[in-house]
Structure formats: C-alpha cells, structure tokens
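Heavy atoms only: backbone and side chains are in, while hydrogens, waters and symmetry mates are out.
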2 protein chains.
Amino acid sequence: MSRNTAQREAIRTVIESAGRPLSPQEVLDAAQADVPGLGIATVYRALSAGVDEGWLQPVELTTGPTRYEPAHLSHHHHFRCNACDRVFDLEGCPGNLKKMLPPGFELDDHDIVLHGRCADCATTPGG
Amino acid sequence: MSRNTAQREAIRTVIESAGRPLSPQEVLDAAQADVPGLGIATVYRALSAGVDEGWLQPVELTTGPTRYEPAHLSHHHHFRCNACDRVFDLEGCPGNLKKMLPPGFELDDHDIVLHGRCADCATTPGG
DNA sequence: GTCGTTGCAAAGATTTTGCATTACC
DNA sequence: GGTAATGCAAAATCTTTGCAACGAC
C-alpha cells in the first residue's frame with residue numbers, strides 16, 4: 001500500500017498542474033519549491049510508481065528524456081519547441097496511418113511529434 | 001581532410017546496404033565482420049563524421065537509441081517492431097499536420113513513428 | 001512498531017572524450 | 001612524415017539500485 005508523503009504529493013501536484021508533459025528534471029526543479037531536500041532518485045521512483053498505479057503515463061519523444069503527464073488525457077500528440085525545449089500537448093490526429101504499412105505489418109500504436117517554435121518563442125525576435 | 005580507412009569504409013558499407021536505419025550497436029556488430037578489432041567509439045565518431053559530411057542522417061525515435069540511415073532518402077517515416085526491435089522505413093506521410101498546431105506555433109519538422117510487429121514477427125506464432 | 005519511502009552514493013547503460021599509437025595520403 | 005583516425009579506458013550523462021535512516025499509518 002502506497003503512502004501519502006510530502007514528496008509524492010508535491011510531485012503529483014506539479015504534474016497535474018503543469019498542463020504539459022514534464023521531464024524528471026523539470027519535475028524535480030518544480031517540486032523542490034515545496035520539498036527543498038528532494039532528490040532525483042525519489043522523482044524517478046515516484047514517476048515509476050505513478051505509471052504502475054495508472055494515474056501517470058510516459059510520453060516518449062524523438063528528442064530528449066521521457067516526459068510524464070496525467071493518464072486521464074484522451075488520445076493526442078505532442079509538440080516540442082526547438083527554442084525552449086518544452087513539450088506541449090496537441091489536439092487531433094491525422095488517422096488512417098495503416099495505409100503507410102508495408103504488407104504483413106501489424107499496427108499497434110503510433111507517435112507523432114511536431115517540432116518548431118512555440119507561441120512564446122515564435123514572437124521572441126532574437127531567440 | 002578525411003581519410004578512407006578500413007573502419008569507415010566498413011561502417012559506410014553496412015549502412016548503405018542495410019535497407020533500414022541502424023543503431024550504433026547494430027553498425028558495430030555488422031561492421032566487425034569486416035574489421036574484427038573495431039571499437040564502439042570509432043563507430044560513434046564515424047557516424048558523427050558522416051552526419052557532418054552530409055551523407056548520413058540520424059533517425060530519432062521515440063524508443064531506444066538514435067538510428068542512422070543514408071541521407072539521400074526522400075521524406076519518409078519509420079516503423080519499429082515491438083518484437084525484434086528493428087526499425088523500418090515507411091513510405092507516405094499524412095501531411096496537413098499544421099491543423100494540429102495551437103495559435104502562434106510555428107511548424108518546422110515532424111516525426112511519425114508507428115509501432116507494432118513487422119512482417120517477419122507477425123507470422124511467428126510464439127514471438 | 002512495521003514497512004513503504006527517502007536521500008545519498010554507487011552502479012548500469014549509453015555516448016563522449018583524452019591520449020598514445022597506428023596508418024592514410 | 002604529418003596528421004587524421006583508431007582503440008582503449010576514463011569521463012560525462014541519464015537512470016536505476018543498495019542501504020541505512022526516516023516517517024506514514
């Protein structure tokens with residue numbers, strides 16, 4: 001039976017309120033505001049526990065470390081900003097990807113990652 | 001000026017004849033048939049040099065290490081087999097991904113990775 | 001009090017770098 | 001012969017694990 005520690009509560013709150021997928025390091029940086037002594041190993045363990053418990057899902061990207069976001073979100077894809085390295089959720093899905101498969105291949109799942117500049121960075125002249 | 005060493009020639013031959021993107025470890029395993037003493041560091045350096053020289057491109061996937069394939073291939077996407085861990089090239093592209101972007105976001109590039117079982121593994125009963 | 005959780009540090013795994021030696025041009 | 005490239009091993013980065021101490025229930 002899992003316990004409600006200050007560390008895990010802080011980690012969960014950070015993820016639920018982020019509005020976008022976070023990397024373990026981003027989770028650590030944000031959660032340390034609540035729990036100063038928090039260690040990165042605890043973050044990894046809490047993320048792993050969250051996935052096991054079902055409320056958290058990993059977001060595998062083509063760039064950088066795995067991010068994590070709440071599992072209650074419906075099917076969607078992701079955008080990574082080349083300037084600030086943040087990842088954002090996108091709505092919609094092109095669908096009909098089976099037509100890309102060679103004969104005999106079976107499709108289970110798919111990932112789509114768009115790259116570019118987020119609204120914040122697109123309006124920044126120098127960045 | 002770069003030199004034509006047996007190591008780099010073996011590495012390049014392996015990649016050009018593979019027909020699918022290879023990981024550094026796959027390149028090492030295959031190229032060691034030609035150059036027995038080949039080391040992994042040499043593979044990484046040769047791959048990096050190939051990207052710099054323009055004939056090689058990295059394939060970033062949502063799972064596992066970066067793969068590499070020849071740069072002369074036209075726009076395409078990838079399929080990773082969950083059973084044998086190999087990656088295959090796919091033809092086609094859904095296109096019209098801009099409609100997924102939130103307001104103010106700028107699209108530079110995109111990756112699509114399909115997951116499932118390749119033709120070889122789909123017909124294997126137990127695998 | 002029990003036992004899941006934590007924080008530190010050490011260990012893995014993957015990729016990069018330092019350096020003396022090798023070998024292409 | 002000059003110098004890019006190699007191979008080994010050490011380092012760097014990211015993630016996992018061991019273990020003694022802590023603290024939720």
Using the side chain to side chain contact (heavy atoms under 4.5 Å, CB included) definition, which of the options B:I112, B:T62, B:L61 pairs with A:D111? B:T62
Any B:T5 side-chain N or O less than 4.0 Å from OP1/OP2 of D:dT6: yes
Would you say A:T42 places a side-chain N or O within less than 4.0 Å of OP1 or OP2 belonging to C:dT5? no
Rounded distance (Å) that lies between atom [atom2] of [N] and atom [atom1] of [X]:
X	N	atom1	atom2	value
A:R12	C:dT5	CZ	P	13 Å
B:E53	D:dA4	CD	P	13 Å
B:L47	D:dT6	CG	P	11 Å
B:R8	D:dG7	CZ	P	11 Å
A:Q7	C:dT5	CD	C1'	8 Å
B:L28	D:dT6	CG	C1'	13 Å

Got a sec, which pairs hit ring pair (Phe, Tyr, Trp, His ring centres under 6.0 Å) with one end in residues 80-123 of chain A, sequence neighbours left out? A:H75-A:H110, A:H77-A:H110, A:F88-B:F105, A:F105-B:F79, A:F105-B:F88
Restricting to side-chain hydrogen bond (donor to acceptor under 3.5 Å, both in side chains), what partner residues turn up for [X], sequence neighbours left out?
X	answer
A:R86	A:D120
A:T13	none
B:Q7	none

Does A:S2 reach a base, just sugar-phosphate, or nothing at all? Heavy atoms under 4.0 Å.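 Here A:S2 touches the backbone only, sparing every base.
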Salt bridge (charged side-chain N to carboxylate O under 4.0 Å, His left out) contacts touching residues 25-43 of chain A (sequence neighbours left out):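 Sorted pair list: A:R20-A:E26.
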Per-nucleotide protein contact string for nucleotides 13-23 of chain D, where B marks a base within reach and S marks sugar-phosphate only (heavy atoms under 4.0 Å, - for neither): -SSBBBB---B
